[in-house]
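Some notes on the structure that comes next.
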Protein chains: 4
Amino acid sequence: MSETRPQLSEARSSVGARRSEATEAAVLEAFAALLAEVGYPAITMEAVARRARAGKATVYRWWPTKAHIALSLISKAKIEIPAPRGLSLREDLIDYMTRVVGLWRGDAGLPVGLLVRHCYAEAWSDPELAAALQAERRERWTMLNAIIEAAVGRGELPPGTDLARAKDFVMSWPFYLLMTDRLPAPDEIARMVDDTLDGLRAGSSRRPSPGI
Amino acid sequence: MSETRPQLSEARSSVGARRSEATEAAVLEAFAALLAEVGYPAITMEAVARRARAGKATVYRWWPTKAHIALSLISKAKIEIPAPRGLSLREDLIDYMTRVVGLWRGDAGLPVGLLVRHCYAEAWSDPELAAALQAERRERWTMLNAIIEAAVGRGELPPGTDLARAKDFVMSWPFYLLMTDRLPAPDEIARMVDDTLDGLRAGSSRRPSPGI
Amino acid sequence: MSETRPQLSEARSSVGARRSEATEAAVLEAFAALLAEVGYPAITMEAVARRARAGKATVYRWWPTKAHIALSLISKAKIEIPAPRGLSLREDLIDYMTRVVGLWRGDAGLPVGLLVRHCYAEAWSDPELAAALQAERRERWTMLNAIIEAAVGRGELPPGTDLARAKDFVMSWPFYLLMTDRLPAPDEIARMVDDTLDGLRAGSSRRPSPGI
Amino acid sequence: MSETRPQLSEARSSVGARRSEATEAAVLEAFAALLAEVGYPAITMEAVARRARAGKATVYRWWPTKAHIALSLISKAKIEIPAPRGLSLREDLIDYMTRVVGLWRGDAGLPVGLLVRHCYAEAWSDPELAAALQAERRERWTMLNAIIEAAVGRGELPPGTDLARAKDFVMSWPFYLLMTDRLPAPDEIARMVDDTLDGLRAGSSRRPSPGI
DNA sequence: GGATAAACGAGACGGTACGTCCCGTCTTGAG
DNA sequence: CTCAAGACGGGACGTACCGTCTCGTTTATCC
């Protein structure tokens, strides 16, 4: 079906109305509002369209499932993450995690963590969504590369450190806490990072990770 | 006339028919069959009842949602976990994790891991289910107590080790792998345990965990 | 099925408990209460049993449908109808109709008219109920025989008058009014009787109709 | 962003898809078929939708209850009723009643009488349906006006005859016969009209009644 | 008095229909 | 040509009753 749908990136020379950016924004806004009001599982495509004053067909044209709308919201919810200060792996990670967990908890005005975990759950049964989610994740974890490479440069981590596995390991504990509904408060971030580092430093050089 | 009949306060102690065990088994069997055939999200209470040749009201009487049926299946899917051999924490954990991951992968004839993660996802929005899940988890992790206490007794872990936190930490990495759809093959269990132990040994004495 | 059920009239030599009159009364009472509270169509066997603190099987044992319970109530709702005074057909009929319509309107503490018309409606599709209704009707219209025979004796009606047809004709207009929800008030009974006696040609110019 | 989109008060005047006439016809057809097969009380909205290959929501959108579907069928079942020949009230009424009773008995391919009496029964508990039924009745009895007015013009009925009451009286006897399941055969129509015209006293000695 | 059997209350059971909601598609006319 | 509005066939939701069926308990006779 997707070959019959216009691609956002391809230049369209045809006549007629173009995709309405106002509608796209209205749909995302409606989704966010419903998320706050009724919770993710109770959101329906029907309600999103109604609330956005959009036709159902319009919503379906651009997002095949509600998880894709959630993913759009996640992608839009970027947060300013400053470059690592390069003092130490621990401090760089604390800075980074403070931002990430803050984003998840709702610092961007949206409980991104809720969206993330529900997207993961739906991706268990939807390979297409899983791929989209992975792409989003790769893009978002780039900053971690710089942090870990700097740590390797400073000798905090061994030279042969597997970058992919290290990123994966670093994110695993906060992700686990997100999945088990125990996201740390800001003043608990340091401890969470320490938990992670204990494992990372001891085992980082051992073997490559399958990558996530 | 009604004064000659028993009133609410002095009602006869009638009992009525009892729950049918055959029906309960048929429902669980139907659920498992549908899980294999159409996948968890596509299972409906309607289809479960139809397949089990049970009335919908009967299914709803005993299980308020399909996640509760899944939880019943999880509870029934006990697997023989031998007492730890007590050689070392690492070997005891490898034995234990081999059983747990095997159960998750389907060694009991049921992909318990799929059920577990979907139950967690539904519990995000259902406190009652979350509580039931927690009760099930507590019961199931008792063996870990013995393993960790033995390790403390042998001096592998410091005397002040927080049991709840240690259990939580030990399960976090396999759980993370389950949630991200990368459950290890049997020959990868040892490595998974090593990943976990690196973190556990370094940080086990540091602070108490909130407990999961 | 009824051959497997005890016949009330046949002598039973076997032992065992007898039909509980208290329960029968409680069921009828519950039905009447529900009729007032929720209306005939919303009455269910389940609710009657619950309200009467009777088992559902007990209710079904004695009344196969709710219409049969209604018929039991109708049969019990006898009203004192004095013998005709024998002055004239018109006056005797007015006396009689006043009682009958009063019974239908609820003078016996029960809107018998509602029960009657719903029983008729259910009898359209239930021959067994239709037969029971007819038996009840025959018994109830005996007084009309005396009234009409007296009128024949006085010469008000010709000697060859068909009794069955006359009774039928006399009841048709009030029955029609009952079925069309326009049961007359007490002071309109005389007019209703005159309508019946006169027919269209004789009475057409007399009074306006409320319209149906 | 939403400020650039139409608000509720200035909503675009979109129209949407229109009611499907094919579906309406299919529903009425399915209802008629089920009426013949299982009888009115056994008809369910579910079965009607299934048979018509229509969604249940579609059926409920246009008909709130099955009685409303029945009423739609009644309204559609018009029959050619010729203008009164104006010979006499009796002959005009016989012509008219022959058509009406024929319609009720099924001359239009549908046992309209069954539908009518069940609609009346349901209207006892549904004021909205009662109003719809009354509207239908008013429209359908217009021909009677002409018949009765002609009779007044010829002097067969007195000049002050109340039209509404006369129509009501004329219909009461056939209606009573319909309600008591004794609709006359074609060759009995004349007698039914005579019964109506004469009243009890004038006609009581003429013929025996079948009894109710 | 003990055995026996019917009727009882309670209520679980397999079913089915209820009326609502949402799915994803299609149709209509406005812009 | 896209959009909103919304009707459509379909199907699951969770509830309510249907009429039947155990379950023990109670009750009334009979041995």
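Numbered from 1 within each chain, the chains take letters A, B, ... in sequence-line order.
The side chain of D:Lys56 approaches E:dG19 more closely than any other nucleotide in the set E:dT27, E:dG19, F:dC8. Which of E:dG15, F:dC17, E:dC13 sits closest to the side chain of B:Thr58 comes down to E:dC13. For A:Glu46, taking side-chain heavy atoms from C-beta onward, the closest of the listed nucleotides E:dG11, E:dC23, E:dG15 is E:dC23. Of all nucleotides listed (E:dC18, E:dT25, E:dC22), E:dT25 comes nearest to the side chain of A:Tyr60. The side chain of B:Arg50 lies closest to F:dA12, out of F:dA4, E:dA10, F:dA12.
Applying the 4.0 Å criterion to OP1 and OP2 of F:dA4, one finds that A:Thr23 has a side-chain N or O inside that range. Residue D:Arg61 places at least one side-chain N or O under 4.0 Å from the OP1 or OP2 atom of F:dA7. A sub-4.0 Å separation between OP1 or OP2 of F:dG11 and a side-chain N or O of B:Thr44 is absent.
Atom NZ of C:Lys66 and atom C1' of F:dA16 are 14 Å apart (whole Å). For the pair B:Arg53 CZ and E:dA12 P, the interatomic distance rounds to 22 Å; values are reported in whole Å. Here F:dT27 presents its C1' atom at 14 Å from CD of C:Glu21, a figure rounded to the nearest Å. We find that CZ of D:Arg19 is positioned 19 Å from P of E:dT27, with the value rounded to whole Å. To the nearest angstrom, C1' of E:dC18 lies 14 Å from CD1 of D:Ile69. Regarding D:His68, its NE2 atom lies at a distance of 12 Å from the P atom of E:dG19, rounded to whole Å.
Looking at which nucleotide of DNA chain F each of D:Trp62 and A:Gly55 is closest to, the 5′-most match is held by A:Gly55. Mapping A:Ala47 and D:Thr65 onto DNA chain E by nearest heavy atom places D:Thr65 at the nucleotide closer to the 5' end. Nearest-nucleotide mapping onto DNA chain E: of D:Ala17 and B:Ala52, the residue sitting toward the 5' end is B:Ala52.
In summary, of the residues considered (C:Thr23, C:Val48, C:Leu73), a side chain to side chain contact (heavy atoms under 4.5 Å, CB included) with C:Leu28 occurs for C:Leu73 alone.
Using a 30° and 60° split on the angle between ring planes, D:His118 and C:Trp124 fall in the perpendicular class, above 60°.
Annotation: cation-pi geometry satisfied between C:Arg19 and C:Trp63 (NZ/CZ under 6.0 angstrom from ring centroid, within 45° of ring axis).
Closest heavy-atom contact between A:Cys119 and A:Ala67: SG-O, 3.6 Å.
With salt bridges taken as basic N to acidic carboxylate O contacts below 4.0 Å, one links C:Glu37 and C:Arg51.
Counting any heavy atom pair closer than 4.0 Å across all strands shown, B:Ala57 reaches a base atom.
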